[in-house]
Participant: 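The structure's right below; bear with me while I get my questions together.
In what follows, every chain begins at residue 1, and chains take the letters A, B, ... in the order their sequences are listed.
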Amino acid sequence: MVAIAATSASRLNSFNRIAPMSQVRVRFAPSPTGFFHIGSARTALFNWLYARHTGGAFVLRIEDTDTERNTPEALQALLDGMRWLGLDWDEGPEVGGDYGPYFQSERQAIYEEYLAKLTAAGRTYEKDGAVYFKLIGERYTEFDKYKNAELEKVRTEPVVVEDAIRGRVERAVEQDFVIRRSNGDFGFHFVNVVDDICMAITHVIRGEDHLSNTARHVELYRAFGVTPPVFAHIPLILKSDGKGKMSKRESGALIEEYVSRHFLAQAVRNYLCLLGWNPKDDSEVMPIAEIIERFDFPGINKDGARFDEQKLAHINTEYLRALPIETFTHLAAPVLVSAGLIDESTDEDYLQSVLALCQPKARDLASMPELVATFFSDTVEVDAAARERVYKKGDPAARLGELLPALEALDDWSEAGLEATFGQVAETNGQKPTAYFPITRLAVSGQGGGVPLFGLLAVLGKEKVLSRAKAHGA
RNA sequence: GUCCCCAUCGUCUAGUCAGGUCUAGGACACUGGAUUUUCAUUCCAGCGACCGGGGUUCGAAUCCCCGUGGGGACGCCA
């Protein structure tokens, strides 16, 4: 067990170096309900990062005791989400391991055994058909306002936890609690502690909502005569506006949303890393290897972080633009196919040159169809607002008229050739080259914005450009 | 209501442990400008915070106390 010192100063020193012989074992223990919540994903991520940082083991344990809600589909959704984020586990479903089974539903015999230990030690009693864990201390009754009832309470020694993130936390457990329900199911606190003991978990990294439960868990560890693991309670993800933590209903709360909106997994993962952790300098967009290298408890914050979809979108954009063009094409093509813009017959070189032109302007994959539509359409739909803006100034029709003959005569249909031609036409007519830009763009694409003009014309090709330009206003 | 945790720009955060180099740095967003008045790119600039009050100190964003605010827990849920 790694010794924890009380002050944050020593946190810096003791956690950066883990003795090689004491292998770190962390776990993510979700209950598969069919959705992969972003808060759960980040808890999984932090555990994974810590395991990879220390060279330890990342265990995936499925808390599937609730047979009503836990279906095979729900499990699959969870595993898919984990894999999408690139969070591979060393032990757990589909990979096995030496500390199985990794499904709580298959661990009943173990729980029976551990319950027997507590009972033998005189630390349990039955009430209303349920088994309670018995605390040690003076008993008294008190009226509880919140529950509006007379309760039996126990004066216990406060439990002191040296949390790896929050430092010293002290809390007393004042009521016995259920460890086995009257229907025979074991309770969360009990199975959680038993499993962590059996799986030799060294560090419990989980959400701050469990901080208050920790005293209960430590009481159980003590009753079993086992030294508790290191606890590290990470801050919660709060909703972007309003009060409280992110709930399932919040926009952006589920990993599935990002998959279906074509976000890049690496970008989502990078953003999640930054939500509650930082590398102590100005680095933000970093390869995962660097994050693993730098990730540790001292870099984790204590207060809850509001989820900011705009920042996520920005990081996603940065990743998108940094992609090699082949990868970008590989990712964008399916999106364009579903939008009905391209199919198997689409010329690959043409697609490649379109995407190469668009990548530096792309915001995200989901909006790619909008950006490239004009390259794959036979007709030009003129945007009314753009048209109004273009025609508000000067005499666009005249400019287009001046430009057309020159374009028709142009043999070198490249960006450079086009630029030269625009320059000549402008000079001849005593205009600035930019006087020709908006009307050309509008005539050819129907839009007021988009990719750079010369690139648009060059990639689209002479034939299409001329026919569209002639058709405009005709 | 009780207990626990937390508190720097609108948001994510650096700085807090070892008080002075902080007229508080970066990023997102926003606003303005530049890139031959094309453009969903790029660049530059601006805006913008130490929750309040006491205390300790020559000196406090940083240490202490009290308020206030925010979050969490208080299930025979996990």
Participant: Under 4.0 Å from OP1 or OP2 of B:U13: is there any side-chain N or O of A:N278 that close?
Facilitator: no

Participant: Does A:R181 have a side-chain nitrogen or oxygen under 4.0 Å from the phosphate oxygens OP1 or OP2 of B:C77?
Facilitator: yes

Participant: What's the NZ-P distance between A:K145 and B:C74, to the nearest Å?
Facilitator: 20 Å

Participant: On the nucleotide B:U37, are OP1 or OP2 found under 4.0 Å from the side-chain N or O atoms that A:R399 carries?
Facilitator: no

Participant: Can you check whether any acceptor in the base of B:U38 is under 3.5 Å from a donor in the side chain of A:R441, or vice versa?
Facilitator: yes

Participant: Taking the P atom in each of B:C4 and B:A18, what is the distance between them to the nearest angstrom?
Facilitator: 24 Å

Participant: OP1, OP2 of B:G72 versus side-chain N and O of A:N213: anything below 4.0 Å?
Facilitator: no

Participant: Check whether the side chain of A:S212 and the base of B:C4 form a donor-acceptor pair under 3.5 Å.
Facilitator: no

Participant: The side chain of A:E208 is closest to which nucleotide in this list: B:A40, B:U11, B:C5?
Facilitator: B:C5

Participant: Is the gap between the ring centers of A:F295 and A:W277 under 6.0 Å?
Facilitator: yes

Participant: Taking the C1' atom in each of B:C17 and B:C12, what is the distance between them to the nearest angstrom?
Facilitator: 23 Å

Participant: Look at A:K302 and B:A7 and indicate whether a side-chain polar atom (N or O) is within less than 4.0 Å of OP1 or OP2.
Facilitator: no

Participant: Using the P atoms only, state how far B:C5 lies from B:G15, rounded to an integer number of Å.
Facilitator: 22 Å

Participant: Between the base of B:U2 and the ring of A:Y146 - centre-to-centre under 5.5 Å, planes within under 30° - is that a stack?
Facilitator: no

Participant: Ring centres under 6.0 Å, that's the criterion: do A:F188 and A:H210 meet it?
Facilitator: yes

Participant: Rounded to whole Å, how long is the line connecting atom NZ of A:K392 with atom P of B:U37?
Facilitator: 18 Å

Participant: Is there a donor N/O on one and an acceptor N/O on the other, under 3.5 Å, for the side chain of A:K280 and the base of B:A14?
Facilitator: no

Participant: Do any side-chain nitrogens or oxygens of A:R216 fall under 4.0 Å of OP1 or OP2 in B:A73?
Facilitator: no

Participant: Here's a test for you: under salt bridge (charged side-chain N to carboxylate O under 4.0 Å, His left out), which of A:K245, A:R42, A:R166 qualifies with A:E208?
Facilitator: A:R166

Participant: Starting at atom NZ of A:K245, determine the distance to atom C1' of B:C5, rounded to an integer number of angstrom.
Facilitator: 14 Å

Participant: Determine the interatomic distance between P on B:G69 and the same-named atom on B:C30; round to the nearest Å.
Facilitator: 33 Å

Participant: With P as the reference atom in both, quote the distance from B:G59 to B:G54 in angstrom, rounded to an integer.
Facilitator: 15 Å

Participant: Given atom CZ of A:R166 and atom P of B:G71, what is their separation to the nearest angstrom?
Facilitator: 15 Å

Participant: When you get a sec, tell me which of B:C39, B:G26, B:U36 is the closest nucleotide to the side chain of A:P433?
Facilitator: B:U36

Participant: Distance check needed: B:C39 C1' versus A:E415 CD, whole Å only.
Facilitator: 13 Å

Participant: Applying the Watson-Crick and G-U wobble criteria at under 3.5 Å, what pairs with B:A7? Answer none if nothing qualifies.
Facilitator: B:U68

Participant: Should A:L264 and A:L365 count as side-chain neighbours, where that means a heavy-atom distance under 4.5 Å?
Facilitator: yes

Participant: Is B:G59 paired to anything, Watson-Crick or G-U wobble with both distances less than 3.5 Å, and if yes, which nucleotide?
Facilitator: none

Participant: Only pairs with both distances under 3.5 Å count, Watson-Crick or wobble alike; so what is the partner of B:U36 in this structure?
Facilitator: none

Participant: On a whole-Å scale, what distance lies between the P atoms belonging to B:G72 and B:G33?
Facilitator: 43 Å

Participant: Rounded to whole Å, how long is the line connecting atom CD1 of A:I165 with atom P of B:A7?
Facilitator: 13 Å

Participant: How many whole angstroms separate atom CD of A:E170 from atom C1' of B:A73?
Facilitator: 17 Å

Participant: Which of these nucleotides, B:A40, B:C76, B:A27, is closest to any side-chain atom of A:K311?
Facilitator: B:A27

Participant: Knowing that exactly one of A:D308, A:N316, A:I38 qualifies, which makes a side chain to side chain contact (heavy atoms under 4.5 Å, CB included) with A:Y271?
Facilitator: A:D308

Participant: Let me know the distance between CG of A:L400 and P of B:U38, rounded to the nearest Å.
Facilitator: 18 Å

Participant: Pick the P atom in B:C44 and in B:G26, then give their distance to the nearest Å.
Facilitator: 11 Å

Participant: With ring-ring contact (aromatic ring centres under 6.0 Å, His included) as the criterion, how do A:F422 and A:F454 come out once you've worked through the C-alpha distance, each side chain's angles and the decisive distance to 0.1 Å?
Facilitator: CA-CA 10 Å; A:F422 271 71; A:F454 295 134; 5.2 Å; yes

Participant: Would you say A:F28 and A:I205 make side-chain contact, with heavy atoms under 4.5 Å?
Facilitator: no

Participant: Which nucleotide, if any, forms a Watson-Crick or G-U wobble pair with B:A45, using both distances under 3.5 Å?
Facilitator: B:U31

Participant: With a cut-off of less than 4.0 Å, is there a side-chain N or O of A:S31 near OP1 or OP2 of B:A78?
Facilitator: no

Participant: Side chain of A:L211 only, please: which of B:U8, B:A40, B:C5 is the nearest?
Facilitator: B:C5

Participant: If the plane angle is over 60° it's perpendicular, under 30° parallel, otherwise tilted; pick one for A:F190 and A:Y111.
Facilitator: perpendicular

